[in-house]
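Below is one structure, written out as structure tokens; the observations come after it.
Residue numbers start from 1 in every chain, and the chains themselves are labelled A, B, ... in the order their sequence lines are given, proteins ahead of strands.
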Number of protein chains: 2
Amino acid sequence: MNLTTTETKFILHWGEMGTRWGINRTVAQVHALLYIAGRPVPADEIAQTLSVARSNVSTSLRELQGWGLVKASHVLGDRRDHFETMQDVWAMFKLVATERKRREIDPTLGVLKEAIAQAEKSGEKATREKLAQMLEFFETVTEAFEEFVKMSPGALKKVVKYGGKLQKLLGVGT
Amino acid sequence: MNLTTTETKFILHWGEMGTRWGINRTVAQVHALLYIAGRPVPADEIAQTLSVARSNVSTSLRELQGWGLVKASHVLGDRRDHFETMQDVWAMFKLVATERKRREIDPTLGVLKEAIAQAEKSGEKATREKLAQMLEFFETVTEAFEEFVKMSPGALKKVVKYGGKLQKLLGVGT
DNA sequence: CCGTTCTTTCTGTAAGAAGTGAAACATCGG
DNA sequence: CCGATGTTTCACTTCTTACAGAAAGAACGG
């Protein structure tokens with residue numbers, strides 16, 4: 001697959017973004033490539049296009065499949081696995097966000113709850129209080145987030161549009 | 001400073017969380033420590049408590065100050081700088097989120113816009129369209145996010161509480 | 001000023017993550 | 001069942017980042 005300069009620029013940037021958010025550069029690049037391609041691509045073609053080892057692509061694809069971002073598909077007359085990603089950006093985001101919540105936020109909630117119980121038992125009042133505040137924050141944001149990802153993009157846009165008014169309606173200041 | 005097991009557990013977990021989100025482990029630990037301490041702490045005490053090099057603490061504090069999360073303060077009769085972090089979790093979150101948006105999302109919007117213009121010029125219709133969708137997504141989410149951080153925690157809770165009803169009110173499905 | 005205390009910068013080392021290529025493994029057609 | 005094709009796993013290398021410790025740099029007290 002031959003990339004135009006535009007496509008290359010996008011893929012490289014996407015890779016950088018990935019690293020900043022704790023996602024492997026190659027993984028992010030593979031995903032970007034599949035998004036741009038918009039069709040099932042065989043692994044070796046990905047490797048060639050991105051100039052990375054075939055094995056590296058294999059690992060990255062497995063990772064992406066683990067996130068539910070990529071699925072394997074097949075093309076008639078071709079034994080090779082092909083891979084494609086969803087073309088709906090909002091759906092992509094939901095997947096990743098939900099999965100990260102599950103993998104990272106939920107365990108954090110657990111740790112906080114445990115720590116609070118422990119602090120309670122050993123009479124560490126100040127620490128207990130701080131952890132409780134943190135827990136409350138996480139719980140609120142988590143719930144808000146869950147409402148958020150339930151929305152359709154259209155709904156989201158309306159909420160943004162009327163956001164200020166809604167806040168007034170609810171009688172809460174900024 | 002002597003940490004209880006509860007505090008240690010929290011600080012270690014916070015460090016891990018940091019690494020998963022592209023934040024240096026020590027930086028995150030220092031921040032957690034200051035949050036738990038809830039009072040100005042001198043750098044050498046931080047180093048001792050976390051068992052890291054004094055220089056490492058210095059770098060981490062500088063980083064945290066860059067995020068606006070930590071500020072230096074002074075204690076009468078002590079020449080050493082002391083450092084403290086805000087105790088309001090919501091405020092902390094706002095700071096970090098806003099700053100990350102500035103450092104990472106905004107440049108991404110720029111790259112996308114450039115790439116779209118370029119794709120337009122060179123007639124890459126499909127690519128242009130995909131990038132445009134991505135840009136639209138980012139813009140919508142960014143706006144939503146801006147409404148979000150404007151809210152007080154109280155407002156947020158109400159929105160969560162009435163979230164479903166609001167969506168119905170707006171006539172948008174899930 | 002000069003010694004003391006505290007802070008930051010810098011350089012080398014160590015730890016960790018990412019990536020390659022070879023080898024093992026699987027699948028399929030004939 | 002065997003050769004061909006495609007995929008994954010694994011051991012090793014490379015690259016990056018984090019960290020420690022030394023040295024340099026400030027700030028202050030006397």
Side-chain angles (χ1 to χ4, degrees), chain A residues 1 11-34 40-67 70-84 103-104, chain B residues 1 11-34 40-67 70-84 103-104:
Chain A
M1 181 178 182
I11 290 169
L12 290 178
H13 182 80
W14 208 238
E16 288 313 309
M17 283 288 287
T19 60
R20 296 215 180 205
W21 291 81
I23 289 157
N24 180 287
R25 176 180 285 115
T26 309
V27 171
Q29 286 181 352
V30 169
H31 178 249
L33 176 61
L34 290 178
V41 183
D44 54 356
E45 191 179 337
I46 299 176
Q48 269 194 316
T49 309
L50 298 178
S51 303
V52 294
R54 177 65 185 77
S55 56
N56 195 2
V57 171
S58 179
T59 313
S60 300
L61 284 170
R62 168 171 278 261
E63 174 86 13
L64 287 166
Q65 283 173 300
W67 286 87
V70 161
K71 67 185 222 298
S73 65
H74 290 90
V75 169
L76 278 181
D78 195 335
R79 268 180 59 191
R80 297 173 303 174
D81 284 352
H82 287 57
F83 300 90
E84 60 188 318
R103 295 188 193 181
E104 288 151 27
Chain B
M1 182 179 180
I11 289 169
L12 290 178
H13 182 80
W14 208 238
E16 287 314 309
M17 284 288 287
T19 60
R20 295 216 180 206
W21 291 84
I23 287 158
N24 179 287
R25 176 179 285 114
T26 309
V27 171
Q29 286 181 352
V30 170
H31 178 248
L33 176 61
L34 290 178
V41 184
D44 53 355
E45 192 179 336
I46 300 175
Q48 269 193 318
T49 309
L50 298 178
S51 304
V52 293
R54 177 65 185 73
S55 57
N56 194 3
V57 171
S58 179
T59 312
S60 300
L61 285 169
R62 168 172 278 261
E63 174 87 12
L64 286 167
Q65 283 173 299
W67 286 86
V70 161
K71 66 186 225 294
S73 65
H74 290 91
V75 170
L76 278 182
D78 196 336
R79 271 180 56 191
R80 297 172 303 175
D81 284 352
H82 287 57
F83 300 90
E84 59 188 320
R103 294 188 193 182
E104 288 151 27

message = Please give me the minimum heavy-atom distance between A:Pro42 and A:His82, naming the atom from each residue.
response = CD-CD2, 3.5 Å
key: More than 12 heavy atoms of other groups within 6.0 Å of B:Glu104 CD   = yes
task = On DNA chain D, check which nucleotide each of A:Gln65 and A:Arg25 is closest to and give me the residue with the more 5' one.
result = A:Gln65
Atom pair CG (B:Leu64) and CG (B:Leu34), whose distance is rounded to the nearest 0.5 Å = 7.5 Å
request  = Kindly check if the number of other-residue, nucleotide or ligand heavy atoms within 6.0 Å of CZ (A:Arg62) is above 12?
outcome  = no
ask   = Under the 3.5 angstrom rule, does the side chain of A:Thr59 hit a backbone N or O of A:Ser55 as a donor-acceptor pair?
value = yes
task = Give the rounded distance in Å between these two atoms: CD1 of B:Ile23 and C1' of D:dT17.
result = 15 Å
remark   = Within residues 77-84 of chain B, those residues having any heavy atom closer than 4.0 Å to DNA chain C are B:Arg79, B:Arg80, B:Asp81
inquiry  = Using every non-hydrogen atom in the two residues, find where A:Ala32 and A:Trp14 come nearest and quote the distance to one decimal.
reply    = CB-CD1, 3.4 Å
task = Measure the distance from CG on A:Leu61 to P on D:dG6 and round it to the nearest whole Å.
result = 16 Å
ask   = Is any side-chain N or O of B:Arg62 closer than 4.0 Å to OP1 or OP2 of C:dT9?
value = yes
Exceeds 12 heavy-atom contacts within 6.0 angstrom, atom CZ of A:Arg20 = no
Separation of C:dA17 C1' from A:Arg20 CZ (nearest whole Å) = 18 Å
query = Rounded to whole angstroms, how far apart are CD on B:Glu63 and P on C:dT7?
reply = 19 Å
ask   = So, for A:Gly18 and A:Ala28, which heavy atoms are closest and what is the spacing to 0.1 Å?
value = CA-CB, 4.2 Å
query = Which of residues 42-60 of chain A sit near DNA chain D, with a heavy atom under 4.0 Å from it?
reply = A:Arg54, A:Ser55, A:Ser58
